[in-house]
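Since the structure comes first, as C-alpha cells, the remarks are kept for the end.
Treat the numbers as computed from the prediction; the structure is a model and nothing was measured. Every chain is numbered from 1, with letters handed out A, B, ... down the list of sequences.
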Amino acid sequence: MTKRLAIVAHFDPRGAAAPHFLRQLDQLGDSFDEVVVATTSELTSDAVASIEHRAHLIQRPNVGHDFGSWRDVLESRDFAQRYDELLLTNDSYVGFVRPLPRIIETMATRPYEMWGMAISGRHSRHVQSYFLYFQNAALRSKTFYRFWSDMRPARSRLDAIMNQEIGISHTLADAGFRFGAYFEPTRDERMRANRRGIQWLRRRQREFPSRFDSFEDAYFKARAWRDPRNADFLNPSAAFADSILDDGRFPVLKFDTLRYDPYFLGSDELLTAAEDRFPEQFDGVRQFILDTTDFYKGRRDESSSPAPLSPLERATVGYRRRPPHREKKAST
Amino acid sequence: MSRIQEAARLARRVPGVRRLVESGDDSRRATRIAASGLVDTDLYARLLGVDAISAYDAALHYAQQGHRDGLTFNVLLDPDVIGRAIIRSWRPLLYDYLNSRAWFARTSAMWDSAAYLETQPESREHPFGPAGHLWEHVTANPDADIDVIAGGARTMPWNEVYTAASDALVAHADAARAKALRLPQKTIAVSTFNPDAARTTGPLVSIIMPVWNRSGAMRTAVDSVIAQQWQDWELLIIDDGSWDDTVHVAQTLADRDPRIVVLTPGHQGVSGARNSGISAARGEYIAFLDSDNTWQPEFLTAMMDALESTRSESGFATIALDREGSRTYRAADADFASLLRGNSIDLNTFIVRRDVLDSVGGGFDTSLVRAVDYDLILKVAKRRQPLHVNVVGAIYDDSDDASDRISNSEALGWNTVVRLSHTPPRASSAETGGADTEVLWFIQPEDAALPEKLLRAVALGDEHQATRFVLMGGHPGAHALVAVAAVARPLVTYDVYDAGEPFAYAVANTLAETTAQRVIVIDPRAVPTTEAIEALRVAVKPGVAVMPLTVSPDGTLESAGAGVSRPGAVPHRLLAEHPELDAPDQPVRVPLLTGRSFGIDVADYRRSGGLDALLFNDFDTEALSVRLAASGVATVLEPSARFWQSGREIAFSRRDTGGNEQVIRAATQEDTISDGAEVYHQAGLDIAGYSDGIVNGQRRPTALATHQGAKTPNPDGSRRRRWAIKIAAPAGPVGETWGDTAFARALARALRSLGQDVVIDPRESVYRRTQYLDDIDIVLRGLDTYKRRTAAPAILWVISHPDDVTRSEARNYDAVFAASVSWSRKMSERWGLDIEPLLQCTDPTVFTPDGQPGHDAPLLFIGNSRWIARSSVMVPIEAGVELDLYGGDWSPFIDESLVRATHIDNNIVAPLYQHASAVLNDHWSDMRREGFISNRLFDVVAAGGRAISDDVEGVADIFGGSVYTYEETSQLRDAVTGDVNTLFPDSVELDHVSERIRSEHSFDARARVLLDTVDRLA
C-alpha cells in the first residue's frame, strides 16, 4: 500500500480557516495517509479546531515562504523518507474540481518522477510550486534529500523563485529525473494563450505607459504569436485558467488569477462561470476574496483587480463564461 | 597595356560590372597560366590524386583553389619562396609571378633562378622567365644536367631532381588530403538510407553504457536509446561506483523497461566498467554509448541495416558537430593506416560484432588509462576495415566538447602509447650507409635555417655520421628541397611526420629502426655548427648520454641540464637565464638532461626504455634521464657543444600541461635526483631557493642563485667583482658584426686580467632575470637607454651618439664617462654633473706592429657605406687612386668589383693597417662635432699604421703626426693624389707615437680607470 504524505502551507490574514481550504483538506485526507498543515497565521481557536479536525497542524513564524514551511515539516518527518509519495502544496487555489485520486492515478502512468498542475517556461521550465508531487523515485533520491537538508530560507522573493520554486525542478532534472504537469495544453489552447499574451502586453503598456515603453517581455515574444510553444512563456495558471470550465481539465483555480486578473482577461466573469459550473467547490470563495482584498494589494505596475473588457476583447481573448460548443471537450 | 586590359580595369570600377568582369577572372587566369607551358600536368594530376588532367583544367584548379592550398604546378616554382620575394596580392601567386614578370624573385630553394639568370642571360627575355627557359630546355632534354643548390651547389641530371622533388610534393599533398579528411567536413554526401523502409527488428544489439556520477546526463542518453527505431536492443548501464543518484535513476528506468539492465560491479575505471558490461551482454552486436552522449533515433536501424547487408565486422556512423550555429561532420572513411595517424572514429557511434570483439581480446585494455577506445578500434580495424555508414548517428555540441569525462583528466600521451604499440616495424628506410652515428635533425615548419642545416648535414657526412632530417609538417617546397638534397647522398635521408605529432612519437619511431650505434637528436629550434655537433658526437659513449649547452635567442643560457628541488617536484632548468660566464667550461655530470637536443648510445637508449611516450612535448629528456640513471647511464653536459636556439617553437609547441606534470612528478618521485647545485658551484654560485617562472609559456620552478659566500680576494688584495657590460648590439650571429660587441669583449678581457669577472649583456638581455648577481653595471651607451633595476653601482660610458643622452639619464648613474674631452667638459658645466673624459682605446694584443717595414700597400678603407657616399671612399676612387676597400652596402655608389670583401675578420686587420700607405677614416657628424674620436684611429696607430681622417678636436694632441687631418674634401683629394709619405713624420716618430698609444690608450688602461672608480664608489 502506497504511503502518502501531504504538507500544506497555509496563510490566512484573518487567522481563519476558509471554507475552500477546509474542503481542500478534506479532499487531501481522502488520498493521503498524513496531512500536515503548516500555518504562518495567528489562527483563531475556531480555525485551529476545524483544521485539527482534518489534519496535523503546525504553527510557525512567517519565515521562508512556502518552502520554509515545507522544509520545517519535512525535517520533522525525516524528509518523508518513510513515505512512498509526497505532496507539497498550499492554500493559494480553489480545487480540486476533479477527484484527486483520479489525478494521482493518471500521473502514476506517466514517466515523471515529479509533477505538478502546470509547467511554466518563465525564467526556465519548471513545475509551478503551489502543487509539487514527488513520486517514489524522486522522493527517495539523494538529490531530494540534499535539496531539502541544504535549503536555507530565501532572502528575497526573487531568491525564492530562482533557488526554490525553479530550483527544485532544476535540481531534480539535473540529476536525471523528469518532471511533468497534469494539465497539458492543447494546440488550440496554446494559440489562444498566445493571443492572451498579446492582450496582456497591449493592456499593460496602455495602463502603465511610464513603466512599459515597449511591447516587450523577456520571455513571451509578441512576434512569435503563431508559434504554439510561445505559450509556455506565460503563467499557465492565468493564461489557461478557464480550462477549469472544461470539466476541470485544469483542476484548480488560483486566487491570484481571480484577484488580480494579471493578463487583463476579465477574471470576475471567470469567477461567475466557475461558481455556475462548480457551485459546491466555489461556495464562499467570492466572500473570502472580498474579506481579504485589503490584505492583497497586488504588485506595482501589474494588474491588481479584475479588468473591464471591451466587447471585442471579451469575444476574442477574454475568459470564457462557459465551455463553447465548438471546442472539443478534452479530458485527461 | 592593351586597350582591352585598360577597358577591363576601368570596367571593374563600375558597380555591377565588376562582378561580371570578375566572374571571368579564374578562367582568364587559367588560360594565361596554361599558355605559359609551365603547367606540369603529370605532377598536378598526382597532387590532386587523379589519373590525368589537362593543362587548362590544372591551371583552372590552381587559379580557383590550388593556390589557396599551397599547390604548385611546376617543381621549379615554389610558391613559398616566391611569396617571400614579391609583393603579395589576392590573385593566385604564381599567376602574379608570371604575369608581372618578376624574374628577379627566387623561385625555389633547391634551384638558384638568380644564378641562372646570370649564366643564361637569354632566359631574362624568355616570356616566362628563367623557370620557363629551363623548363623548355629540360622537357626537350630530360637527361640534361642542371645546377642545384639544395645541400650545396652541384650539377645533377634533371631526371633525378625532378623525380625527387615531384615525389616529395606528391607525398605532401597525399598526406594533406588524408589529414583534411580526418578533420570535420562542411558537407557530407547525401545518405541513401531511408529509415522508414528499414527493418526495426533483427539481431540483438547490446549497448554498453559506463556511468560514473552523471545521473542527469545519463537520463538523456538513455532517453535517446529508448527513442531508437530499432527495437531489439538491451542497454547495460554499468555504474562505476557513483555516489550520486545514478544507480537510483538507472534502476528507476530499468524497472520501467525490461530491456534496461543495471550492473553495479563497483569502481574499477571506465575500461573495467565497459568490460563488465561486455561480459554480461547477450547481443550479437556490441554498441557503445557514453552517458554524456545521445544517438539520433535512426542510428541503430541505419547501422544494423548496413552491417547486416554488407556482412561487415564493425562499423561507425557519421557525427555532426554543432558549434555556434554552424554544423560540420566527422565523416571520413577510416582504415588501419589512417587510424594510426589519428583516430577519426568515435566509440559512441561504433558497433562491432560480438565474435569480432572476442577475437581481439574481448574488451578494453584496463592497463591503459586513456585512449582505450582508440586502442580497441585499432585492434578491430587491424582485422578488417570498419564500415563507414554515412548517416548522422550523433550530434555533438562542440562548444563544450572537452567536458569532464572520466578520460580527459589523464595525460594526452596515452594516445602516443597506443599508437606506438600498434605501429608495425617499418621497412628500414634508415640505412645509415655504415656510419656509426645518426644525427636526427628535426625541422619545423617555416624553418628559415633549413638550407643552412642541409649544408651542414652534407658537410658532416663522412664514414662516421649520417644525418636524417625529420620534417614535422611544413611547406611542400621544404620537403622537395630536402628530397633533392638527399639525392645521391646516402648519408642524408629524411622522414616526414604530420605537423603536430609529439616529439616522443617521432623520436621513438625513428630510434626503433636506426642501425647506428649512437644518435644525436637536434631540437628544431637549434642551429648548431658542425663543430658543436661533432663535439656532442665525440662525447657520447656507451654509458654516457650528453646534452649541449643551449643558448637562448637573447644570449643567456637556456639550460645547462635540469635538477629537482625535492622528490616529486617539477624539474627546474639549471643556469637558465644566466650569462654564459656561469656556464661550466668542462663536461660536467648533470642530474637530468633537458631540452630536445641530446646524444645517446642507441643500446643505452633501448635498454633504458627510451622516451616516455606518455609525455606530450615536455620533460621528454628529463624523464629519459631518470630511466637512464636506473640503467646506469650517466647524463653529462658538454659545454663545448654550444647550441644556439634560434627562433620560436613551432613544432612540438602544443603541450598537455596537466598530463605532463603528472607523469614527470611520478618519475622524479622514484629517485633521489640532485637539485643540480653542483653545476652552480663551479660558477661560485649556490641555489638559494625557487620561484615561479615561465618556460615556454608554462609555469616552472626557477632556481634563484646566490654567490657562494665571500669571494676570495685577488692575489694583489683587490676585490673580485662581477661586472655586467651592457651593450646595444643584438645577441647571436648578427651581434657578432657589431663594433660594440668587439669593444665589449676587449674591455671584458682587460677587466678579467685585473682579476674581475665580466658578463656581456646584449640588448635583449640587459634586464635578464639574473642581473641581481652582478656587482657593477657598465653601460656602453648605444641607441638604447638603460634603466637601472638593481642597487649595484652603475657607470655610464658614452662612446657614441652623445646627442641621445639626456641629463636625467646621466644623473641616474654613479659615474659618467664620455669618449670626448670637449663633450665631457661642456656637459659637466651644462648639467652640473661630474662627467669625466674616457676616450676610446685599442687592444694592443691585437693592434701592434709585426716588426716588418710598413706603408708599402695602397690606401685602405674598412667600413660599410652606412648608405652614404662617404668621402673617404668616393674621393680616392673618383681621383683614380688605388684603394683597398673592405665593407658592405657599397653597390649603390661604386662598382662592386672595387670592393675586396664585404666582411673582414677583426684579427687580420692589424697588418692591413700597418702596411697600408694610409688608412682613410671619417666620423659620424655628431661624433665629429662633439669630439668623439673613432676607435679606428687608435687601432691604426697602435698597429704602427698612418691615418688620414676628418678633423676631430683632440686628434692632433693624441696622435701627433700619425694622423693627418683635413677640414675640406679638397684637402683630402690633394692628400690622396699627392705623395702620401710627405703627409707623415719619419718612422722613428711614428713608432714612438704608436708605442705611446698602446700603453696610454689600451683597454687595460681604461679598465684600470674603471676599477679605480669602482673602488672609490665602494
* salt_bridge(Glu189(A), Arg249(A)) N-O dist < 4.0 Å -> yes
* Without hydrogens or angle criteria, can the side chains of Arg60(A) and Ser69(A) be said to hold a donor-acceptor pair below 3.5 Å? -> yes
* To do: Below 4.5 Å from any heavy atom of chain A, which atoms of Asp255(B) appear? Answer side chain, backbone, both or neither.
  => neither
* Selection residues 161-175 of chain A - residue pairs positive for salt bridge (Lys or Arg N to Asp or Glu O under 4.0 Å), sequence neighbours left out -> none
* Structure fact -> Those residues at least two apart in sequence (or on a different chain) that pass side-chain contact (heavy atoms from CB on, under 4.5 Å) with Thr220(B) are Arg178(A), Thr294(B)
* Side chain / backbone / both / neither for Arg146(A) at chain B, heavy atoms under 4.5 Å -> neither
* To do: Give a yes-or-no answer on whether the side chains of His170(A) and Ser124(A) include a donor-acceptor pair shorter than 3.5 Å.
  => yes
* Asked: Taking the six-membered ring for Trp, is the centroid-to-centroid distance between Trp212(B) and Trp243(B) below 6.0 Å?
  -> yes
* With sequence neighbours excluded, tell me which residues meet side-chain contact (heavy atoms from CB on, under 4.5 Å) with Ala227(B). => none
* Considering heavy atoms only, which positions within residues 78-87 of chain A lie below 4.5 Å of chain B? -> none
* To do: Would you mind telling me which of Met218(B), Arg256(B), Gln251(B) has the largest number of heavy-atom pairs within less than 4.5 Å of chain A?
  => Arg256(B)
